[in-house]
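Inspection log for the structure reproduced underneath, given as structure tokens.
Note that these values count all heavy atoms, side chains included, but never hydrogens, waters or copies made by symmetry.
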Amino acid sequence: MKHFHQYLLLAFAVLLLSHDAFSRRVPSGQKKIIHFGFVSPSTPEQIVGEDLAKLDATCPFDGIGINPVIKLTRDGKTFDYHPLHHVGSPYLLTKEDFSELIPMFRRFQATRLKHNFFVLNSSPFNGDWFDDDAWKRTLNNFGMLAWAAKESGFAGLCLDIEPYALTKLPFMYRPNLGHSFEETARQVRRRGKEWIEEINRQFPDITLFTFMWTSQCTSTLMAEHPELLENSKTGLMIAFFNGVYDGASDTMTIVDGNEGAGYHAASEEDYAKITGRYHRFADSWIDKTNHEKFWKITSMGVSFYLDSYVKRDKPGRYDLFAKSDNPTQL
């Protein structure tokens, strides 16, 4: 923990705004800078004593993303359960499993880090959306994580929906499972509705932060040609998004982190273009019956990356900040 701020890999500046707010300058009180990266506390041992005090005194953030590691005891054996890696939610989580974590995570509320998130990916989703038993485990575990976030005083959950290999690509259509693409899309939409309803049941005013959401849509091509989705690794995401907005409560917030757009943004003009594209295309994947709800509960986040401030022998994956030495000045 003592090197926390030295090895930051990325951070998102999150603007928690309504749709109408983008037409004027953002009041400073509505801007929240949330750190997401590979260096963050995830266990009780990392949130004790001087470490948390140093984090509070030195970091410039309003909150952080935490990859929770939950210690489970099952059949007389104790082991670490990592929601980011356990595909298909093989174990049912209970409230008792969080008894040690929640008191530790509550300590953040005594610091400036008050807007925190549990970071999850789509690993708990089973690629077979018709598997009722697997889906019950998935709903239970996401619900328990939402409950634990609420009990910890966190802002909510962060869902990284990117199709990593370790997630087994749950949003890719699999014809070998015996269902047509159209039938599968309808089922995924139903599952998306059930998923967000369970999360809202456990945490009604939750903030669901996403590294990427409908900001992936930078044209109307996929919306106008759904046949292209059948062979895509992410072809079922649109159905899932629509299910989420079918069931989402009006009291929750969804923040789209615009991850991809932020990789090469280095000037005020770049961020203006990101905002323009978002307003033009963000609702293109959403059923028109849900457009009003989409703009009511969905906010645009702005991502910027701190990789360039870490000395290294080789260039990074991206040619960051070509136009500016310090995009954070924005």
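- In the hydrophobic cluster analysis, where Ile, Leu, Val, Met, Phe, Trp and Tyr join through side-chain heavy atoms closer than 4.5 angstrom, F125 is grouped apart from V87.
- Within 6.0 Å of CG in N176 there are more than 12 heavy atoms belonging to other residues, nucleotides or ligands.
- Rounded to the nearest 0.5 angstrom, E268 CD and K273 NZ are separated by 13.0 Å.
- Taking OG of S299 as the start and CG of L208 as the end, the distance is 11.5 Å to the nearest 0.5 Å.
- Considering every non-hydrogen atom in both I196 and A248, the closest pair reads CG2-N, 3.5 Å.
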Determine, stepwise, if the pair M252 / T207 fulfils side-chain contact (heavy atoms from CB on, under 4.5 Å). CA-CA 6 Å; M252 74 170 296; T207 294; over 6 Å; no
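- Taking the six-membered ring for Trp and the full ring otherwise, the centers of W195 and F142 sit less than 6.0 Å from each other.
- Residues C158 and L120 are not in side-chain contact: their nearest non-hydrogen atoms beyond the backbone lie 4.5 Å or more apart.
- Under 4.0 Å is where a charged nitrogen must lie from a carboxylate oxygen, and between E197 and R201 no such pair does.
- A continuous path of hydrophobic side-chain contacts links Y81 to L157 [ILVMFWY only; heavy atoms under 4.5 Å].
- Within the model, atoms OG1 of T138 and CD of E194 stand 11.0 Å from one another, a figure rounded to the nearest 0.5 Å.
- With rounding to the nearest 0.5 angstrom, the CG atom of D131 is 11.5 Å from the CH2 atom of W129.
- For the pair M172/L236, no side-chain contact is recorded, criterion being any heavy-atom separation below 4.5 Å from C-beta on.
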I'd like to know whether Q187 forms a side-chain contact (heavy atoms from CB on, under 4.5 Å) with H179, so could you lay out the CA-CA distance, the side-chain angles of the two residues, the decisive distance to 0.1 Å, and finally the verdict. CA-CA 10 Å; Q187 179 74 350; H179 304 278; over 6 Å; no
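- Within a 6.0 Å radius of NZ in K114, other residues, nucleotides and ligands contribute more than 12 heavy atoms.
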Apply side-chain contact (heavy atoms from CB on, under 4.5 Å) to the pair L159 and N121, showing each step before the final yes or no. CA-CA 5 Å; L159 178 65; N121 61 28; 5.6 Å; no
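- Minimum interatomic distance between F203 and G156 (heavy atoms only, all atoms of both residues): CE1-CA, 4.0 Å.
- A donor-acceptor contact shorter than 3.5 Å links the side chain of T210 to the backbone of V255.
- Judged by distance alone, the side chain of T298 and the main-chain N or O of W295 form no donor-acceptor pair under 3.5 Å.
- The shortest non-hydrogen separation linking F61 to L113 is O-CD2, 3.6 Å.
- No donor-acceptor distance shorter than 3.5 angstrom exists from the side chain of R106 to the backbone of S152, with no hydrogens or angles considered.
- Remark: the D256 side chain and the S215 side chain contain an N/O donor-acceptor pair separated by less than 3.5 Å.
- Using a 4.5 Å heavy-atom threshold, the side chains of I254 and F294 count as separate.
- Side chain of N242 to main chain of A239: no donor-acceptor pair is present (N/O by atom type, distance under 3.5 Å, no hydrogens or angles).
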Determine, step by step, whether F36 and F209 satisfy the ring pair (Phe, Tyr, Trp, His ring centres under 6.0 Å) criterion, reporting the C-alpha distance in whole Å, the side-chain angles of both residues, the deciding distance to 0.1 Å, and the verdict. CA-CA 11 Å; F36 294 96; F209 187 92; 4.9 Å; yes
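- By the 30° and 60° cut-offs, the orientation of the rings of F105 relative to F118 is perpendicular.
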Before giving the answer on salt bridge (charged side-chain N to carboxylate O under 4.0 Å, His left out), spell out for K95 and E151 the whole-Å C-alpha distance, their side-chain angles and the decisive distance to 0.1 Å. CA-CA 10 Å; K95 292 182 178 180; E151 292 298 306; over 6 Å; no
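- Side chain of T234 to backbone of M237: no donor-acceptor contact under 3.5 angstrom is found.
- Taking the six-membered ring for Trp and thresholds of 30 and 60 degrees, F241 and W213 have ring planes inclined between 30 and 60 degrees apart.
- The side-chain heavy atoms of R74 and L92, taken from C-beta on, include no pair separated by under 4.5 Å.
- Between K293 and D287 there is no salt bridge, since no side-chain N of the basic residue sits under 4.0 Å from a carboxylate O of the acidic one.
- Not a single donor-acceptor pair under 3.5 Å links the side chain of N231 to the backbone N or O of L228.
- Closest approach of A146 to Q202, counting heavy atoms only: CB-CB, 4.2 Å.
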Do I70 and L101 pass the side-chain contact (heavy atoms from CB on, under 4.5 Å) test, and can you show the C-alpha distance, the side-chain angles, and the key distance before you say yes or no? CA-CA 8 Å; I70 307 162; L101 282 174; 3.9 Å; yes
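- By the 4.5 Å heavy-atom criterion applied to side chains, N141 and S89 are counted as neighbours.
- If you check the side chains of D246 and N290, you find a donor sitting under 3.5 Å from an acceptor.
- Between M144 atom CE and L139 atom CG the span is 11.0 Å, to the nearest 0.5 Å.
- For E292, the CD atom counts as loosely surrounded, since its 6.0 Å shell holds 12 or fewer non-hydrogen atoms of other residues, nucleotides or ligands.
- Interatomic distance, M212 CE to E259 CD, rounded to the nearest 0.5 Å: 4.0 Å.
- Residues T111 and F108 share a closest heavy-atom pair of OG1-O, 2.7 Å.
- A heavy-atom distance below 4.5 Å is found between the side chains of H291 and I286.
- In this structure, T275 contributes its side chain and Y271 its backbone to a donor-acceptor pair below 3.5 Å.
- Aromatic ring centres of W135 and F130: separated by at least 6.0 Å.
- At a threshold of 4.5 Å between non-hydrogen side-chain atoms, the residues R174 and L169 count as touching.
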The test is salt bridge (charged side-chain N to carboxylate O under 4.0 Å, His left out); show your working for D128 and K168 and say whether it passes. CA-CA 11 Å; D128 183 355; K168 305 302 182 185; over 6 Å; no
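- The backbone N or O of N200 sits nowhere less than 3.5 Å from a side-chain atom of S249 that would complete a donor-acceptor pair.
- For the 3.5 Å distance criterion, the side chains of Y245 and T289 fail to qualify, holding no donor opposite an acceptor.
- The shortest distance between side-chain heavy atoms of I66 and F117 does not fall below 4.5 Å.
- In this structure, a donor-acceptor pair under 3.5 Å is absent between the side chains of S123 and T167.
- Ring pair Y173/F181 is perpendicular by interplanar angle, where above 60° counts as perpendicular and below 30° as parallel.
- Using the six-membered ring where Trp is involved, H86 and Y91 have ring planes that are perpendicular, over 60° apart on the 30 and 60° scheme.
- Although no hydrogens or angles enter the test, the distance criterion places no donor-acceptor pair under 3.5 Å between the side chain of E198 and the main chain of G143.
- Closest approach of A282 to T214, counting heavy atoms only: O-OG1, 3.0 Å.
- L84 and L72 fall into different hydrophobic clusters, where Ile, Leu, Val, Met, Phe, Trp and Tyr side chains are chained together by heavy-atom contacts under 4.5 Å.
- The cluster map of Ile, Leu, Val, Met, Phe, Trp and Tyr, joined by side-chain heavy atoms under 4.5 Å apart, puts F240 and F281 in different clusters.
- Using modelled atom types, no side-chain atom of N258 and backbone atom of S303 make a donor-acceptor pair closer than 3.5 Å.
- Both L93 and F79 are assigned to one and the same hydrophobic cluster, defined by single-linkage of ILVMFWY side chains at heavy-atom distances under 4.5 Å.
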